[in-house]
Amino acid sequence: MRVYNTLSGKKEDFIPLEPGRVKIYVCGVTVYDYCHIGHARSAVVFDVVRRYFRYRNFDVRYVRNFTDIDDKIINRAKEEGIPWDEVARKYTEEYYRDMDALGIERADVEPRATEHIPEIIAMVKTLVDKGYAYEVGGDVYFEVKRFPGYGKLSKRSMDEMVAGARVEVDERKRNPLDFALWKAAKEGEPAWESPWGPGRPGWHIECSAMSMKHLGETFDIHGGGADLIFPHHENEIAQSEACTEKPFVRYWLHNGFITISKEKMSKSLGNFFTIREILDRFDPEVVRAFLLSTHYRSPIEFSEEQLIESEVSINRFYSTVMRVEVYLERMSGKTRKTAEEEMLREMLGGFRARFEEAMDDDFNTALAIGHMYELVREINRCLDSKPAGGSARELLTEAVEALRETGGVLNIFQRSPAQWHSSLLRTKKLPLTEEEINRRLSERREARRARDWQKADRIRDELQKAGIVLEDTPEGTVWRVKVGSE
RNA sequence: GGCGGCGUACCCAAGUGGCUAAGGGAGAGGUCUGCAAAACCUUUAUGCGCCGGUUCGAAUCCGGCCGCCGCCUCCA
């Protein structure tokens, strides 16, 4: 496997610290507001990274934190007039609601900053004792110029940064780039006792303390959004390596941003969509497919049109599975070989290797999905050729199974066509129940049997207007929810 | 100002030295169908922002130019 390491700026062979095991830490969220689609991208991308390592038979230990104490949480608490820990609790719950819906698996360990205060204090103390940090009036700062490697991740020198600094100058800091490890509490703010007086941890220190506690002083992969490279991850490296005198992380992985009209989606620009706004109108599987349709390091433009395209793609998969199901139910027992059957067999033979080759190359999900749809087309070609017999049955079943299995790594393609369509019925808020649709279907079946095409077409048109498409096949009539611009 | 990235068909998007430049969407034509739908087939980039260069050979490497974006402040 090859992964792009932000630290080296190139793709590298992935060699785990311990053979067969991989330890991953991903920066989660600060729980002070609803998550937007950018948070979803990061969550989905690293969820897939984790699933792929597992597919590759690695023993994966996956840690993702919650920042549950921070200035933003304190401010939010003031705004809402509720205690700060109530804010954290509420938005942690909302996080789970969104991420569970998106099919993001829970991490093996989900540490919270407030549950690691002793570890954080111990680490800050070590840094002070070693002379990497200094205390000023109850605040403790990391002294950046004491750490020679500072800037190695974000590829800048300290001089450049100081020169172009837009950082507000704090007179108490020895250098504008020095960052807070511990912040003294102001009147009425949440606080924990420490050797420097009551206060709370700075933002960066929690990730160092928690990742090292749960994964060790050196671990394999640290991930997050590209906006965390500087200063967050740069600072994590400085304080962690200063503390342990060991390399902190072997591979740094960063996902690209979501853009709207080519501009980065962000809280401050206000051009963001929350996950639940999107899930109100699109199926979670569609959102995942959308987020994985572009390589994880590239920017991805968010638009309604793109989501609809993804919906059409996913629908294509389930339509094909439905075709296979219906076909196999009625397939005659006689054997009938076709050339297309052989072509499918051949394509299926190399399919997993192609999938793995794509994913091995820095998690190229876009290419992997491309291979999946090539297989979908070949399945359809095979069905069109109307093969029959046990080996054809086995082949079609295996092909669908291969798509489900590889789809499992991306957590797509996991439902039945019936589940997909009944879910679409709800997502699109169609004013029809499945019972009603089936009733109309049997009415139409009678009409067609009587060759009353007018009535049959009328029923079809009515359903079409209500968002349901009918397909008459030799094996009977099936219904689907209308997607895209049909 | 410093550092970095991107520019592939009507749209999205893979491809980073060598077979016909994946895949999806949209459009057009066709096969199938009672008619449709779905599916399949054909078709839509002699060319990968522009100009040079390296090479037997470049979308892919190098240089310049144009355009877009990101980071340097909280941010996934």
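Every chain is numbered from 1, with letters handed out A, B, ... down the list of sequences.
Applying the Watson-Crick and G-U wobble criteria (two distances, each under 3.5 Å), B:C68 pairs with B:G5. The base-pairing partner of B:A58, taking Watson-Crick or G-U wobble contacts with both distances under 3.5 Å, does not exist among the strands shown. In this entry B:G47 has no Watson-Crick or G-U wobble partner, no candidate having both defining distances under 3.5 Å. As the counterpart of B:U16, no nucleotide is assigned, since no Watson-Crick or G-U wobble pattern has both distances under 3.5 Å. Applying the Watson-Crick and G-U wobble criteria (two distances, each under 3.5 Å), B:U31 pairs with B:A39.
For A:Asn380, whose side chain is taken as the heavy atoms from C-beta onward, the closest listed nucleotide among B:A39, B:C11, B:C72 is B:A39. Among the nucleotides B:A14, B:A38, B:G25, the one closest to the side chain of A:Val312 is B:G25. Listed nucleotides: B:A22, B:G24, B:C74. Nearest to the side chain of A:Tyr373: B:G24. The listed nucleotides are B:A13, B:C11, B:A76; the one nearest the side chain of A:Thr294 is B:A13. In the set B:C71, B:A39, B:C11, B:C71 carries the atom at the smallest distance from any side-chain atom of A:Lys264. Closest contact between the side chain of A:Glu305 and the listed nucleotides B:C40, B:C68, B:C11 involves B:C11.
Along RNA chain B, the nucleotide nearest A:Arg381 and the nucleotide nearest A:Gly225 are compared for position; the residue whose nucleotide lies closer to the 5' end is A:Arg381. If A:Gln306 and A:Glu309 are placed on RNA chain B by their nearest nucleotide, the residue sitting closer to the 5' end is A:Gln306.
Counting only heavy atoms from C-beta outward, the side chains of A:Val48 and A:Arg288 approach each other to under 4.5 Å.
The distance from the NE2 atom of A:His39 to the OH atom of A:Tyr34 is 14.0 Å, given to the nearest 0.5 Å.
When rounded to the nearest whole Å, the span between CG of A:Asp362 and P of B:A14 equals 12 Å.
Taking the six-membered ring where the residue is Trp, A:His204 and A:Phe179 present perpendicular rings, their angle passing 60° and hence far from 30°. Using cut-offs of 30° and 60° for the angle between ring planes, the A:Trp252 and A:His222 rings count as parallel.
Geometrically, A:Lys264 engages A:Phe257 in a cation-pi contact defined by less than 6.0 Å to the ring centre and at most 45° from the axis. Because its NZ or CZ atom is both nearer than 6.0 Å to the ring centre of A:Phe272 and within 45° of the ring axis, A:Lys267 counts as a cation-pi partner of that residue.
Taking only side-chain nitrogens and oxygens, A:Arg480 never comes nearer than 4.0 Å to OP1 or OP2 of B:A37. Residue A:Arg316 has a polar side-chain atom (N or O) positioned under 4.0 Å from OP1 or OP2 of B:A39.
The aromatic ring centres of A:Phe248 and A:Phe219 sit less than 6.0 Å apart.
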Restricting both atoms to N or O, compile the protein contacts to nucleotides 32-36 of chain B shorter than 3.5 Å, with distance only.
{"unit_1": "B:G34", "atom_1": "N7", "unit_2": "A:Arg448", "atom_2": "NH2", "d": "3.4"}
{"unit_1": "B:G34", "atom_1": "O6", "unit_2": "A:Arg448", "atom_2": "NE", "d": "3.2"}
{"unit_1": "B:G34", "atom_1": "N1", "unit_2": "A:Asp457", "atom_2": "OD1", "d": "3.0"}
{"unit_1": "B:G34", "atom_1": "N2", "unit_2": "A:Asp457", "atom_2": "OD1", "d": "3.4"}
{"unit_1": "B:G34", "atom_1": "N2", "unit_2": "A:Asp457", "atom_2": "OD2", "d": "2.7"}
{"unit_1": "B:C35", "atom_1": "O2", "unit_2": "A:Arg460", "atom_2": "NH2", "d": "2.4"}
{"unit_1": "B:C35", "atom_1": "N3", "unit_2": "A:Arg460", "atom_2": "NH1", "d": "2.8"}
{"unit_1": "B:C35", "atom_1": "N3", "unit_2": "A:Arg460", "atom_2": "NH2", "d": "3.3"}
{"unit_1": "B:C35", "atom_1": "N4", "unit_2": "A:Asp472", "atom_2": "OD2", "d": "3.1"}
{"unit_1": "B:A36", "atom_1": "N6", "unit_2": "A:Asp472", "atom_2": "O", "d": "2.7"}
{"unit_1": "B:A36", "atom_1": "N1", "unit_2": "A:Asp472", "atom_2": "N", "d": "2.8"}
{"unit_1": "B:A36", "atom_1": "N3", "unit_2": "A:Arg460", "atom_2": "NH1", "d": "3.0"}

Protein-nucleotides 2-10 of chain B N/O pairs closer than 3.5 Å?
{"unit_1": "B:G2", "atom_1": "O2'", "unit_2": "A:Glu160", "atom_2": "OE2", "d": "3.4"}

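For the P atom pair drawn from B:C50 and B:G67, the interatomic distance equals 15 Å after rounding to whole Å. Distance noted for atom P between B:A21 and B:A45: 12 Å (whole Å). For the P atoms, the distance from B:C41 to B:C61 is 34 Å, rounded to whole Å.
A:Glu309 meets the side chain to side chain donor-acceptor pair (under 3.5 Å) test with no other residue; sequence neighbours excluded.
Summarising the local packing, CD of A:Glu329 is surrounded by more than 12 heavy atoms from other residues, nucleotides or ligands at distances under 6.0 Å.
Tested against A:Asp362 for a side-chain contact (heavy atoms from CB on, under 4.5 Å), the candidates A:Glu12, A:Arg2, A:Arg297, A:Met1 yield a single pass: A:Arg297.
Between the side chain of A:Glu374 and the base of B:G23, no donor-acceptor pair under 3.5 Å is found.
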